Amino acid sequence: MSNTTLLCDLTCAPIDLVPMHLAVASVAVGRAQALVVDETRRFRSAYLDLPAPVVAAVPMAIPLTKLERKRPTRRVVVARDDYRCQYCLEPVVLRSGNPRSATIDHVKPKCRFERPGDAHTWENVVTACYACNQKKADRLPMEVGMWPVKAPRAPSYVAARWAGRLHEPAHVQWVSDYYRLDPELVRAR
């Protein structure tokens, strides 16, 4: 169970995750309405007894930004690649310091670009375990005989926005129902 609430706008579009205690305060003063609650967790005070809001809505339209898709982030790249190294298919984790930590590999190495910043695009980055990333180093796939299992591509807006962030089953269900997607596409690992 997470201590976050999925915040929606007046159209019930998922907007962001907020700390649950802030959602409780908003529901208590009437600035938000609880759409899905967890009756097993309650917030009590001398004057209130509220169930934990798992999904809440605010009575205003909030425009979504496309910021999530501009530059690849480790969280979204790893989720896009199904939490597996794209060279050896071994599972990876997002935690640093773990032998199976996820790293980001540039298929065409940064050193082969005029400007290294041009290498960091959705179509040039894949998830790699530490061992495979070290083995490939700054070489092209054909030079080392290591090719990504699937071609890297930019994720959809929904995948970029929510991949790896939703841990509560009700959050996954709400987002997948709203966007009419398979819940596996937005589920955290």
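The shown structure was predicted, so the numbers you read here are calculated from the model rather than taken from an experiment.
Across E168 and S2, no two heavy atoms sit closer than the pair OE1-N, 3.1 Å. Between P155 and V76, the shortest heavy-atom contact is CG-CG1, 3.9 Å. The two atoms that bring D9 and M60 nearest to each other are CB-O, 3.1 Å, heavy atoms only. Listed here is the closest heavy atom pair of M20 and A52: SD-CB, 3.5 Å. The minimum heavy-atom distance linking F113 with N124 is given by the pair CE1-ND2, 3.8 Å.
Within the 3.5 Å criterion, the main-chain N or O of V54 finds a donor-acceptor partner in the side chain of H171. Under the 3.5 Å distance criterion, the side-chain polar atoms of T5 are matched with a main-chain donor or acceptor of P53. No donor-acceptor distance shorter than 3.5 angstrom exists from the side chain of R74 to the backbone of T127, with no hydrogens or angles considered.
Donor-acceptor pairing under 3.5 Å is recorded for the side chains of Y87 and D105.
Scored by the side chain to side chain donor-acceptor pair (under 3.5 Å) test, E39 finds R42 as partners (sequence neighbours excluded). For E143, the side chain to side chain donor-acceptor pair (under 3.5 Å) partners are R112, not counting sequence neighbours. Listed by chain and residue number, R165 satisfy the salt bridge (Lys or Arg N to Asp or Glu O under 4.0 Å) test with D16 (two or more places apart in sequence, or in another chain).
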**OP:** Could you please spell out the steps behind the side chain to side chain contact (heavy atoms under 4.5 Å, CB included) verdict for V126 and D81?
**Re:** CA-CA 7 Å; V126 295; D81 294 340; 4.0 Å; yes
Original post:
Given the rule in the side chain to side chain contact (heavy atoms under 4.5 Å, CB included) test, do L166 and W174 qualify, once you have shown the distances and angles that lead to the verdict?
Top reply: CA-CA 10 Å; L166 303 176; W174 191 276; over 6 Å; no
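Follow the hydrophobic side-chain contacts under 4.5 Å out from M146 and you reach V107 in the same cluster. L7 and F43 fall into different hydrophobic clusters, where Ile, Leu, Val, Met, Phe, Trp and Tyr residues are linked whenever their side-chain heavy atoms come under 4.5 Å apart, directly or through other members.
Using a 4.5 Å heavy-atom cutoff, the side chains of Y178 and C8 are not in contact.
For the atom pair CD1 of I104 and NE2 of H120, the computed distance is 7.0 Å after rounding to the nearest 0.5 Å.
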